[in-house]
Amino acid sequence: QLQLVESGGGLVQSGGSLRLSCRLSGGILNSYATGWFRQVPGKEREAVACMSSSGATTNYADSVKGRFTISRDNAKNTVYLQMNSLKPEDTAVYFCAARSGVFYTDWLGPCTDFGFWGQGTQVTVSS
């Protein structure tokens with residue numbers, strides 16, 4: 001069974017940076033599209049960024065384009081979310097997710113239908 005464990009959340013001032021990590025166990029990155037989502041109380045969870053199983057294709061929410069970068073380290077079986085120029089509205093619980101599909105494909109599609117989830121990590125941006 002695939003498991004995902006996030007780390008790297010915390011408190012940061014507006015304009016600062018954080019890097020979230022998500023380590024996969026029970027499966028390899030080349031078998032899954034991966035993504036980062038976030039949720040604030042009272043709102044639906046929203047997609048932040050996702051990446052194809054090859055790592056070659058990425059999608060970003062308009063609200064984070066140019067500030068956030070999704071990447072991965074195959075040797076560590078880990079996905080990252082580098083967050084720069086953070087804003088108070090980025091405050092949320094961030095979740096790592098994976099979607100099974102075609103092995104090592106550049107195809108990605110929308111950041112939907114992810115079936116495997118981590119436990120979440122809190123990111124708080126103070127103004």
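All of these numbers come straight from a predicted model, not from anything done at the bench.
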Got a sec: does the CZ of Phe103 have more than 12 other heavy atoms crowding it under 6.0 Å?
-> yes
Taking the side chain from Ser53 and the backbone from Tyr104, do they hold a donor-acceptor pair closer than 3.5 Å?
-> yes
Side chain to side chain contact (heavy atoms under 4.5 Å, CB included) with Val12: of Leu86, Asp90, Thr91, only one passes, and it is Leu86
Nearest heavy atoms of Val93 and Gly120, plus distance in Å = CG1-CA, 3.9 Å
Below 4.5 Å, heavy atoms only, C-beta onward: do Trp107 and Val102 meet side chain to side chain?
-> no
For the pair Met83 and Tyr94, evaluate side-chain contact (heavy atoms from CB on, under 4.5 Å) and give the outcome as yes or no after the intermediate values.
-> CA-CA 11 Å; Met83 304 185 293; Tyr94 283 71; 3.9 Å; yes
Can you find a pair of side-chain heavy atoms, one from Leu81 and one from Val48, that are under 4.5 Å apart?
-> yes
Kindly indicate whether the side chain of Ser63, heavy atoms from C-beta on, has any atom under 4.5 Å from the side chain of Arg38.
-> yes
Is the gap between the ring centers of Phe37 and Trp117 under 6.0 Å?
-> yes
Distance (rounded to the nearest 0.5 Å) between Ser25 OG and Gln3 CD | 4.5 Å
When every non-hydrogen atom of Lys76 is compared with those of Arg23, the smallest separation belongs to O-CG, 4.1 Å
Do you know the tightest heavy-atom contact between Ala56 and Ser52?
-> N-OG, 3.4 Å
Backbone N or O of Ile70 within a donor-acceptor pair of the Tyr60 side chain at under 3.5 Å?
-> yes
How about Val123 and Val125: do any of their side-chain heavy atoms sit closer than 4.5 Å?
-> yes
Indicate whether the side chain of Asn84 and that of Ser17 have a donor and an acceptor atom separated by less than 3.5 Å.
-> yes
Which atom of Leu4 lies closest to which atom of Ala97, heavy atoms considered | CD2-C, 3.8 Å
Geometric cation-pi criterion, Arg72 with Tyr80: 6.0 Å, 45° | no
Between Met51 and the options Val79, Asn59, Leu29, the side chain to side chain contact (heavy atoms under 4.5 Å, CB included) test singles out Val79
How close do Gly8 and Leu18 get, heavy atom to heavy atom, and via which atoms?
-> O-CD2, 3.9 Å
Mind checking whether Ile28 and Asn77 have side chains closer than 4.5 Å, heavy atoms only?
-> yes
With distance as the sole criterion, is a donor-acceptor pair present between the side chains of Ser54 and Asp106 under 3.5 Å?
-> yes
Any pair counted as disulfide (SG to SG under 2.5 Å), so long as it reaches residues 58-117, sequence neighbours left out | Cys22-Cys96, Cys50-Cys111
Aromatic ring pairing Tyr32/Phe116, orientation class (parallel under 30°, perpendicular over 60°, tilted between) | perpendicular
Report yes or no: does Ser14 contribute a side-chain atom to a donor-acceptor pair with the main-chain N or O of Lys87 at less than 3.5 Å?
-> no
Cation-pi check, Arg99 to Phe114: give yes when NZ or CZ is under 6.0 Å from the six-membered ring centre and within 45° of the ring axis, no otherwise.
-> yes
Less than 4.5 Å apart, any side-chain heavy atom of Glu6 and any of Gln119?
-> yes
